[in-house]
Amino acid sequence: MAQLIDGKKISAELLDNVALEVADFKKMHGIAPSLAVVLVGDDPASQVYVRNKIQRANQVGIRSIEHRLAADVTQSELNDLVDELNWNPEVHGILVQLPLPAHLNEEDIVNAIDPCKDVDGFHPLNVAALALGNPKLVPCTPQGSMMMLTQTLGDLTGKHAVVIGRSDIVGKPMAALLLQSNCTVTMVHSRTRDIEALCRQADILVAAVGKPELVKASWVKPGATVIDVGINVTLIDGVRKLVGDVDFADVEKVAGAITPVPGGVGPMTIANLLQNTLKAAHVQMFK
Ligand code: NAD
């Protein structure tokens with residue numbers, strides 16, 4: 001049976017560390033690091049994500065400022081708010097919860113955020129810095145997944161990593177981080193031929209697809225480390241259940257180590273958001 005990679009435990013350790021560093025920051029600068037969270041509309045999943053982020057921020061001593069905007073807010077009103085937050089020296093991190101309602105242009109909003117306050121790591125300058133091997137603020141989910149991998153495997157040099165999914169927020173930055181850790185990286189996606197055979201070559205398999213239990217034991221090399229980024233809501237016998245992109249019950253029989261869903265990558269994402277906020281605050285103090 002595979003070793004369980006416990007995201008709750010690893011993220012709790014990271015949060016303890018962040019809380020200690022936040023306390024030091026307060027002593028040194030007389031203020032708390034602060035995170036502005038912008039929520040547009042009333043998407044129920046986004047509301048839950050924002051609530052969790054704010055709750056965790058408060059737990060580690062990071063000041064959170066919530067901005068709730070109506071679903072019909074205009075692009076220029078949202079841009080004005082981002083601008084105001086960019087200029088506000090008491091705001092160190094800005095997070096605009098995605099997805100935005102269809103009439104708003106997400107790319108414009110992401111590009112409008114000051115790259116030094118871009119705690120999601122989505123701004124083109126932060127994307128470029130990562131691609132050039134000089135990361136500044138890195139997207140939280142891949143960064144958290146890397147922490148789990150290094151805690152489990154130590155040095156990743158020379159390992160063959162296969163990333164399923166090529167999104168800008170998970171797949172691409174994950175591949176860049178693995179490459180930076182000297183892995184041999186293969187990216188596979190919806191147009192890849194014989195995906196199963198490619199995945200079977202992986203020492204490290206990362207699934208970021210959004211398809212419930214897509215990855216079966218037959219896709220996994222015995223002993224491989226499997227990181228399941230997927231969060232999918234399913235109905236099993238009429239009961240709502242969260243499952244990943246990996247068929248956990250099947251894959252745990254062959255994998256060497258595996259993350260569960262829930263309790264795997266999810267908690268790492270929030271912990272890394274707060275770590276990024278602290279990092280952004282430090283950078284701004286010395287600007
Ligand atoms: P996305 O929809 O932007 O991208 C999905 C990618 O999967 C695409 O690149 C597509 O090419 C690929 N794909 C689709 N069908 C495929 C198939 N049958 N075979 C191979 N590849 C296929 O999704 P995303 O934003 O990258 O998120 C992926 C999953 O991760 C979702 O379930 C999402 O909810 C979850 N997620 C979790 C966290 C977390 O904190 N744990 C954070 C972000 C996203």
Side-chain angles (χ1 to χ4, degrees), residues 5-8 10-11 14-15 37 43-53 55-57 95-100 102 106-107 110 119-122 127 130 138-149 161-178 185-202 205-216 218-220 226-234 240-248 251 258-276:
I5 307 175
D6 187 346
K8 279 195 202 153
I10 303 173
S11 66
L14 177 60
L15 286 170
V37 182
D43 175 63
S46 292
Q47 289 190 358
V48 173
Y49 291 143
V50 163
R51 198 170 54 230
N52 288 343
K53 288 168 185 174
Q55 196 186 1
R56 286 272 180 253
L95 180 151
V96 178
Q97 184 65 41
L98 302 179
L100 292 172
E106 280 185 8
E107 197 182 334
V110 169
V119 285
D120 263 335
F122 296 162
V127 174
L130 174 59
V138 172
C140 307
T141 301
Q143 186 166 261
S145 302
M146 287 303 289
M147 285 178 178
M148 296 175 121
L149 282 172
V162 175
V163 180
I164 320 175
R166 55 173 165 177
S167 71
D168 293 338
I169 62 167
V170 190
K172 286 181 195 160
M174 187 73 211
L177 288 168
L178 287 161
V185 182
T186 303
M187 291 192 78
V188 300
H189 47 79
S190 54
R191 306 289 178 89
T192 300
R193 291 190 203 133
D194 205 358
I195 201 165
E196 212 176 309
L198 288 164
C199 290
R200 235 181 352 256
Q201 294 173 22
L205 185 61
V206 181
V209 191
K211 298 263 182 284
E213 301 182 329
L214 174 77
V215 177
K216 305 290 178 196
S218 61
W219 295 41
V220 178
V226 179
I227 304 289
D228 188 356
V229 178
I231 299 179
N232 308 290
V233 181
T234 54
R240 254 172 63 96
K241 198 180 163 217
L242 281 190
V243 298
D245 292 338
V246 175
D247 184 338
F248 185 90
V251 170
I258 185 169
T259 60
V261 176
V265 175
M268 295 302 293
T269 298
I270 297 189
N272 274 275
L273 169 72
L274 301 177
Q275 199 186 42
N276 276 354

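When a ligand or atom number is given, it counts from 1 through the structure's own listing order.
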Does any non-hydrogen side-chain atom of Leu178 lie less than 4.5 Å from one of Met146? yes

Heavy-atom count check: over 12 atoms from other residues, nucleotides or ligands less than 6.0 Å from Lys241 NZ? no

For the 3.5 Å polar cut-off, considering only N or O atoms, please tell me whether Asp245 and ligand 1 meet it. no

Just which atoms of ligand 1 are under 4.0 Å from any heavy atom in Gly230? 29 (C), 30 (O), 32 (O), 35 (C)

Ranked by distance from atom 8 (C) of ligand 1, the top protein heavy atom is Arg166 N, 3.9 Å

Applying the side chain to side chain contact (heavy atoms under 4.5 Å, CB included) test to Val246, which of Val226, Val206, Ile227 qualifies? Val226

Return a table of donor-acceptor pairs under 3.5 angstrom between the side chains of residues 267-275 and protein atoms on other chains or two or more places apart.
residue, atom, partner, partner atom, Å
Thr269, OG1, Thr141, OG1, 3.0
Thr269, OG1, Val265, O, 3.4
Asn272, OD1, Gln143, NE2, 2.9
Asn272, ND2, Met268, O, 2.8

Would you compute the distance between atom CG of Asp43 and atom CG of Leu98 and round it to the nearest 0.5 angstrom? 11.0 Å

Distance in Å, Ile258 CD1 paired with Leu205 CG, rounded so as to fall on 0.5 Å steps: 9.5 Å

Could you list the atoms of ligand 1 found under 4.0 angstrom from a heavy atom of Thr269? 39 (C), 40 (O)

What residue and atom, counting heavy atoms only, is the protein's closest point to atom 4 (O) of ligand 1, and at what distance? Ser167 CB, 3.7 Å

How many angstroms lie between atom CZ of Arg200 and atom CG of Asp194, to the nearest 0.5 angstrom? 7.5 Å

Compare every heavy atom of Glu213 with every heavy atom of Val243, then report the nearest pair and how far apart it is. CG1-OE2, 3.9 Å

For Gly165, the ligand 1 atoms whose distance to one of its heavy atoms is below 4.0 Å: 6 (C), 7 (O), 9 (O), 12 (C)

Counting non-hydrogen protein atoms only, what is the nearest one to atom 30 (O) of ligand 1? Give residue, atom name and distance. Val229 O, 3.5 Å

Residue, atom name and distance, where the atom is the protein heavy atom closest to atom 27 (O) of ligand 1: Val170 CG2, 4.5 Å

List every atom of ligand 1 that sits less than 4.0 Å from any heavy atom of Ile195, numbering the atoms from 1 in the order shown and giving each element. 19 (N), 20 (C)

Do Leu130 and Leu177 have side chains that approach each other closer than 4.5 Å (heavy atoms only, starting at C-beta)? yes

Nearest non-hydrogen protein atom, atom 13 (N) of ligand 1: Val209 CG1, 3.5 Å

Please name the pair of heavy atoms, one in Asp245 and one in Asn232, separated by the smallest distance, quoted to 0.1 Å. OD1-ND2, 3.0 Å

Which atoms of ligand 1 are found less than 4.0 Å from any heavy atom of Gly266? 40 (O), 41 (N)

List the closest protein heavy-atom neighbour of atom 42 (C) of ligand 1: residue, atom name, distance to the nearest 0.1 Å. Thr141 OG1, 3.2 Å

Test item: Met174 and Met187 side chains (from C-beta on) under 4.5 Å apart, heavy atoms: no

A student checking ligand 1 against Ile169 at a 4.0 Å heavy-atom cut-off should list atoms 25 (O)

Side chain, backbone, both or neither: which applies to Lys211 and ligand 1 if a contact is any heavy-atom pair less than 4.0 Å apart? side chain

For atom 32 (O) of ligand 1, the protein heavy atom that lies nearest, with its residue and separation: Ile231 N, 3.0 Å

Under 4.0 Å from any heavy atom of Gly210, which atoms of ligand 1 are there? 28 (C), 29 (C), 31 (C), 32 (O)

So is Ala208 touching ligand 1 or not, going by heavy atoms under 4.0 Å? yes

Hey, which atoms in ligand 1 end up nearer than 4.0 Å to a heavy atom of Ile164? 20 (C), 21 (N)

